[in-house]
Amino acid sequence: MASRRGQAPAPRPEAPPVSTAKPTALPPPDPVKQYGGNINDRKVPSVPPPATRKPSEAEFFALDERGERKPNIAFLKDHFFKEGRLMEEQAMYIINLATRLLAKEPNMVEVKSPVTVCGDIHGQYYDLMKLFEVGGSLQDNVYLFLGDYVDRGDFGIECLMYLYALKIWSPTRVVLLRGNHECRHLTEYFTFKKECLHKYSEKVYEACIQSFCALPVAALVDHRFFCVHGGISPNLVTLADLQNMNRFQEPGSQGLLCDLLWADPITNYGHETEHSHTGAPLPATTSFIPNATRGCSFFYTYNAVCQFLERNNLLSVIRGHEAQDAGYTMHRKTPKKNFPSVITIFSAPNYLDVYKNRGAVLKYANKNITIRQYNSNPHPYWLPNFMDAFTWSLPFVGAKITDMLLAVLSVCSEEELDTDSDDEAKEVQAAEEITKRREQIKNKIRAVGRMQRVFTLLREESESATELAVAIPSEGALPNQLAVNGAKISKSIHSFEEARKSDIANERLPEFERRPDMFPAPSMRLGGRDVDAGSLDTLIRRTLAEEREGEDDNEDALVEKVAERLAKGRTLGVGSRPAALKRYGTT
């Protein structure tokens, strides 16, 4: 309002002083309140949640036509599909009851057609469900499995208990033979024991081992087809030789039981007398040669199989044991009956998630053979060896810590950067003290550098952990070893042959020493590195203890330079700061 004429204007009030204090930081908003939807909703609704509740007695059991309680097949199928688990007593019930049934069967089970013959499963439960879709109903034919239900895949215990439950319901329509992986030695070396300990208990594992020893080792279909996991043996002259064999034991590295589970047809089967890339031709009378690929048992020749079939009036040998690109292989026909002498069936499609092979089953009905192929089903992902995410992340944390230690070693305070203070300090310090301190710092830098290399190696392995991985040398050639460095799998393996070549070391009868690791490895085997028994504890100790041979001159000069500056209270350069720590992404 304007002042009246002749009156002095009223004084304006003074503005309040401006505060220079920074406002107090507000706490971040509650993310739960910011999220508009239901926090319990799944981010990917199309992926069903896993079954977290173990079944009740009412859910687990069902009554058959005679009123007897048996495991509920329909419930188990869906429960296992959702990654559900059973109570220990329920798992023991299935395993023990199946063991008693299997123990009553002879070493060689006689089977009548129609029959569906299935090869290796290797813990691929979701592909086993596909197999039953392709193979047909149990009411229409008999299912004959050739072994290797566990190991390598992540769902071996589910495969085993589901098949055992089917056996309990239909003892004569589900025939289960023993494979080379159904033993203590291989299940400890590969993944099945760790799977049992992770999902259940050692009691369940020991019950499974006992059931493996009760599995029959061969089957005879319509008195025409000899079905076995591996193949024939020099000790198997007639089928009567199987009657006196003791199968209730762990298979050794030689003998009839070993050969039935481990033997293979020779690489150039049917053409052994010709020159090939596998070696010189064999004499026409050769029947068996040592199996160098497996480290036990034999390779059997076309001549050996033809003689075996003639002696026993059989048509063919049907076996599993070897991954097949198409899921099956029909080997050379016999000269008299003009029928494949050996048929190999493999029912684990996209084996180890890298083989890119198809699965197959053999259907025999009305004297006709039909091969049905199928592709793999998607399945839930597990970190190898069933490790938890925290254990898997330890190498990442270790790599960050070593980066931090190196950064700390290469930085000094502002007082140390002061030139005058440096000059005064240098004049006070004796030359021998500087030399002594320089050597101490050099040793610290080298030790941290070695630890950094170890954690970098572990981080790379955990970053892309896989059960099958190939150590790729700089030249890009594929070595014949299994390693854990799975980062380059998709880039290095483009075909079935490359996958099989890289996995060939795992086809052998393993020799290993049981010892705990300081850091659980992403895979149970460390191929391609000179590490005692695959122990990462040994790797770390050796890396930290040994003096590096042939150390790079530039790196050694850098260590000398850093130690010299740190010993004198200086950094690598005035005003320099350590580089930003690297951030590693996972694939």
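The first residue of the sequence shown is numbered 1, and numbering continues consecutively from there. These numbers come from a predicted model, not from an experiment.
Residues satisfying the ring-ring contact (aromatic ring centres under 6.0 Å, His included) test with F80, not counting sequence neighbours, are none.
The six-membered or imidazole ring of Y300 lies away from that of F308, with a centre-to-centre distance of 6.0 Å or more. Ring centers of Y126 and F81: under 6.0 Å apart, within the cut-off.
Distance check: I289 CD1 to F298 CZ gives 10.5 Å after rounding to the nearest 0.5 Å. Atoms CD1 and CG, on I121 and D151 in that order, are 13.5 Å from each other to the nearest 0.5 Å. Note that the OG atom of S316 and the OH atom of Y364 stand 11.0 Å from one another [nearest 0.5 Å]. Within the model, atoms CD1 of I345 and CD of E322 stand 12.5 Å from one another, a figure rounded to the nearest 0.5 Å.
Under a 4.0 Å N-O distance rule, the pair D325/R358 does not qualify as a salt bridge. Ionic pairing of R184 and E250 is not present here: no N-O contact between side-chain nitrogen and carboxylate oxygen is shorter than 4.0 angstrom. A salt bridge links K167 with E105: the closest approach of a Lys/Arg side-chain nitrogen to an acidic carboxylate oxygen falls below 4.0 angstrom. Ion pairing between a basic and an acidic side chain is recognised when a charged N comes within 4.0 Å of a carboxylate O; E158 and R85 show no such pairing. Salt bridge E272/R332: absent, no basic N to carboxylate O contact under 4.0 Å.
Under the 3.5 Å distance criterion, the side-chain polar atoms of N291 are matched with a main-chain donor or acceptor of T293. Formation of a donor-acceptor pair under 3.5 Å by the E182 side chain with backbone atoms of G179 is found in this model.
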Which atom pairs, donor and acceptor, lie under 3.5 Å between side-chain atoms of residues 214-225 and protein residues at least two apart or in another chain?
residue	atom	partner	partner atom	Å
D222	OD1	S113	N	3.0
D222	OD2	S113	OG	2.6

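Figure legend: K199 and W382 shown as a cation-pi pair, the cationic atom lying under 6.0 angstrom from the six-membered ring centre and within 45 degrees of its axis.
The number of heavy-atom neighbours closer than 6.0 Å to OH of Y328, taken from other residues, nucleotides and ligands shown, is 12 or below.
Between C306 and P335 there is a side-chain heavy-atom pair separated by less than 4.5 Å. Annotation: side chain of C196 is not in contact with side chain of E202 (no heavy-atom distance under 4.5 Å).
For residues 367-387, no residue pair satisfies the salt bridge (charged side-chain N to carboxylate O under 4.0 Å, His left out) rule, not counting sequence neighbours.
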Handout entry: Chi angles and distances behind the salt bridge (charged side-chain N to carboxylate O under 4.0 Å, His left out) call for D353, R152
Key = CA-CA 10 Å; D353 289 332; R152 311 305 296 273; over 6 Å; no
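Using cut-offs of 30° and 60° for the angle between ring planes, the F212 and F192 rings count as tilted. Taking the six-membered ring for Trp and thresholds of 30 and 60 degrees, F346 and H122 have ring planes inclined between 30 and 60 degrees apart. In this structure, Y143 and F145 have parallel ring planes: the angle between them is below the 30° cut-off, well short of the 60° mark.
Heavy-atom minimum distance, L176 versus V174: CD2-CG1, 3.9 Å. When every heavy atom of R508 is checked against every heavy atom of G295, the shortest pair comes out as NH2-CA, 3.5 Å.
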